[in-house]
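Reading through the structure tokens given below for one structure.
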Amino acid sequence: MNNYKSILFMLSVCTIIFISCAKDEYYIFNDEARIQFGPPIVPRGTTVSEYQDTLKGATFYYDAEKITRDTIYFDIYTIGKLSKTNRSYKIEQINLPNVDNAIPGKHYVAFDDPSLTNAYSINADSVHAKVPIVILRDPELKAKTINLGFQLVENNNFKLGENSKLWRKLQITDRLNKPNNWTTTVSQYYFGAYSVRKHQFMIETTQERWDDNFFSEVYSAIDLINYYKSFLGTALIDYNNAHPGNPLKDENGELITFPN
């Protein structure tokens with residue numbers, strides 16, 4: 001009897017799972033057109049988290065003083081059938097708690113600015129687009145980091161997708177900041193914990209930018225990343241030998257090291 005009840009229970013669970021999966025599949029492929037953020041498109045065979053790029057950092061640190069604006073891109077995807085016409089979507093700012101929030105017109109170009117009228121749109125016969133966030137070089141960015149949170153808003157063209165994929169956050173500064181690529185396990189293994197002073201040392205020693213683009217270039221070849229790991233480790237030893245009793249320390253007074 002107990003075995004009979006167990007079998008009935010398992011059949012019930014399987015039925016629930018099947019119905020749930022069927023509903024999910026119906027939602028994804030047959031529901032109204034929906035929209036949500038997602039990871040960047042990468043080469044086939046490359047694995048990325050579906051929540052990659054939830055947070056990005058942007059800095060004017062490397063740019064000449066005459067550069068007063070930049071554009072940072074996030075990836076967005078549609079769910080449902082394709083359309084034969086372009087479809088606009090809508091985003092709005094979120095005020096984040098306990099941080100300095102971006103001010104439209106001061107730190108970024110407002111999402112409803114006339115200059116961006118055609119910027120927030122999915123092209124015909126497409127399920128993917130790049131979301132442009134135009135940031136502005138305000139003088140206070142040399143002293144602080146400003147946070148811009150934003151989310152998708154339902155409009156006539158799109159309902160909303162998964163709740164966890166409806167928002168993004170961008171941190172803007174004019175100081176040296178942690179590259180997005182330094183959050184990866186690879187960066188931790190080859191370069192260790194991040195600090196601004198270590199980052200400066202890497203730039204000074206190699207005369208390279210060490211921004212996201214350069215990290216991607218270094219990561220593209222194992223010989224290159226091993227070269228820089230060895231080069232930086234040796235450069236740090238040379239620096240400390242040249243400054244006896246005063247080894248290189250970070251902005252918190254901690255000794256700077258690179259993994260062996």
Side-chain angles (χ1 to χ4, degrees), residues 35-40 49 51-76 89-121 129-153 160 163-184 187 191 193-204 208-216 250-252:
I35 197 163
Q36 64 189 38
F37 291 110
S49 167
Y51 296 101
Q52 185 170 326
D53 290 344
T54 299
L55 167 65
K56 283 188 176 184
T59 181
F60 288 99
Y61 176 84
Y62 300 101
D63 299 318
E65 290 298 321
K66 66 180 181 180
I67 304 299
T68 59
R69 62 171 56 197
D70 194 7
T71 304
I72 310 301
Y73 294 92
F74 290 82
D75 290 79
I76 200 167
Y89 58 87
K90 184 179 180 181
I91 57 176
E92 66 179 9
Q93 183 177 5
I94 307 169
N95 280 320
L96 304 170
N98 305 316
V99 297
D100 292 310
N101 282 282
I103 299 172
K106 177 180 173 69
H107 302 120
Y108 74 102
V109 177
F111 302 135
D112 59 357
D113 188 277
S115 66
L116 296 176
T117 299
N118 299 317
Y120 301 116
S121 177
K130 293 284 189 179
V131 182
I133 308 297
V134 183
I135 59 174
L136 304 175
R137 193 176 197 171
D138 188 80
E140 73 172 334
L141 294 177
K142 288 188 177 295
K144 63 171 62 174
T145 296
I146 298 297
N147 296 266
L148 174 58
F150 54 96
Q151 64 185 3
L152 288 161
V153 181
L160 301 180
N163 287 335
S164 60
K165 299 177 182 176
L166 301 181
W167 62 275
R168 285 293 186 260
K169 179 180 176 181
L170 177 62
Q171 293 184 315
I172 312 165
T173 188
D174 199 357
R175 302 176 296 177
L176 192 62
N177 69 338
K178 183 179 182 179
N180 300 311
N181 284 335
W182 202 308
T183 61
T184 66
S187 294
F191 304 116
Y194 178 83
S195 73
V196 172
R197 184 64 190 100
K198 178 188 281 188
H199 197 176
Q200 289 173 330
F201 178 77
M202 293 167 70
I203 295 169
E204 295 162 0
E208 300 288 354
R209 288 173 61 121
W210 288 98
D211 56 5
D212 282 322
N213 290 334
F214 186 68
F215 265 103
S216 296
D250 66 19
E251 57 273 19
N252 298 312

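Both backbone and side-chain heavy atoms feed into the values below; hydrogens, waters and symmetry mates do not. The first residue in the sequence is number 1, and the count goes up from there. Small disclaimer: the values here were computed from a predicted structure and weren't measured.
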Problem set entry | T173 side chain vs L141 backbone, donor-acceptor pair below 3.5 Å | yes
For this session: Name all residues meeting the ring-ring contact (aromatic ring centres under 6.0 Å, His included) criterion together with Y51; count only those two or more places apart in sequence or in a different chain, and write none if there are none.
Result: none
Problem set entry | A58 to L170 - nearest heavy-atom pair and separation | CB-CD1, 4.1 Å
Problem set entry | Sidechain-backbone polar pair: N180 side chain, G57 backbone, donor-acceptor under 3.5 Å | yes
Seminar exercise, completed: Sequence neighbours excluded, the answer for side chain to side chain donor-acceptor pair (under 3.5 Å) partners of T68 is none
For this session: Verify, without hydrogens or angle tests, whether T71 (side chain) and V134 (backbone) share a donor-acceptor contact under 3.5 angstrom.
Result: no
For this session: Scan F214, W210, Y194 and name whichever one has a ring pair (Phe, Tyr, Trp, His ring centres under 6.0 Å) with W182.
Result: Y194
For this session: Check the pair D70 / F60 against side chain to side chain contact (heavy atoms under 4.5 Å, CB included), numbers first and verdict last.
Result: CA-CA 8 Å; D70 194 7; F60 288 99; 3.9 Å; yes
Problem set entry | Pair N177-T145, side chain to side chain contact (heavy atoms under 4.5 Å, CB included): steps then yes or no | CA-CA 9 Å; N177 69 338; T145 296; 5.9 Å; no
Seminar exercise, completed: Sorted by chain and number, sequence neighbours left out, side chain to side chain donor-acceptor pair (under 3.5 Å) with K130 holds for D75
Exercise. Excluding sequence neighbours, so at least two apart, what forms side chain to side chain donor-acceptor pair (under 3.5 Å) with D113?
Worked result: S115
Exercise. Could you state the interatomic distance from CG (L160) to CG (L166), rounded to the nearest 0.5 Å?
Worked result: 5.5 Å
Which atom pairs, one a donor and one an acceptor, fall under 3.5 Å between side chains of residues 89-106 and the rest of the protein, sequence neighbours left out?
unit_1 : atom_1 : unit_2 : atom_2 : d
E92    : OE2    : Q151   : NE2    : 2.7
Q93    : OE1    : Y108   : OH     : 2.7
Q93    : NE2    : A102   : O      : 2.8
N101   : OD1    : L96    : N      : 2.8
N101   : ND2    : L96    : O      : 2.8
K106   : NZ     : D138   : OD1    : 3.3
K106   : NZ     : D138   : OD2    : 3.2

For this session: Would you mind reporting whether P179 and D211 have side-chain heavy atoms less than 4.5 Å apart?
Result: no
For this session: Would you give the length of the straight line joining atom CD1 of I67 to atom CG of D174, rounded to the nearest 0.5 angstrom?
Result: 11.5 Å
Exercise. Between R137 and D63, is there a donor-acceptor pair closer than 3.5 Å when you use the side chain of the first and the backbone of the second?
Worked result: yes
Exercise. What distance do R175 atom CZ and H199 atom NE2 have between them, rounded to the nearest 0.5 Å?
Worked result: 14.0 Å
Exercise. Donor-acceptor pair, K56 side chain versus R168 backbone, under 3.5 Å?
Worked result: no
Problem set entry | Check: R197 main-chain N/O paired with D250 side-chain donor or acceptor under 3.5 Å | no
Problem set entry | Interatomic distance, Q171 atom CD to K178 atom NZ [nearest 0.5 angstrom] | 10.5 Å
For this session: Indicate yes or no for a side-chain donor-acceptor contact from Y62 to the backbone of L176 under 3.5 Å, with no hydrogens or angles considered.
Result: no
For this session: Applying ring-ring contact (aromatic ring centres under 6.0 Å, His included), name anything that partners F74, two or more places apart in sequence or on another chain.
Result: F150
Problem set entry | R69 CZ: over 12 foreign heavy atoms closer than 6.0 Å | no
Exercise. Quick check: does any side chain N or O of N181 sit under 3.5 Å from a backbone N or O of D212, one acting as donor and the other as acceptor?
Worked result: yes
Exercise. So with a 6.0 Å cut-off around CG of N252, is the heavy-atom count from everything else above 12?
Worked result: yes
Exercise. How long is the span from the CG atom in L148 to the CD1 atom in I172, to the nearest 0.5 Å?
Worked result: 5.0 Å
Exercise. Got a second to check how far I146's CD1 is from H107's NE2, nearest 0.5 Å?
Worked result: 4.0 Å
Problem set entry | Closest non-hydrogen atom pair between Y73 and P132, with its separation | CE2-CB, 3.7 Å
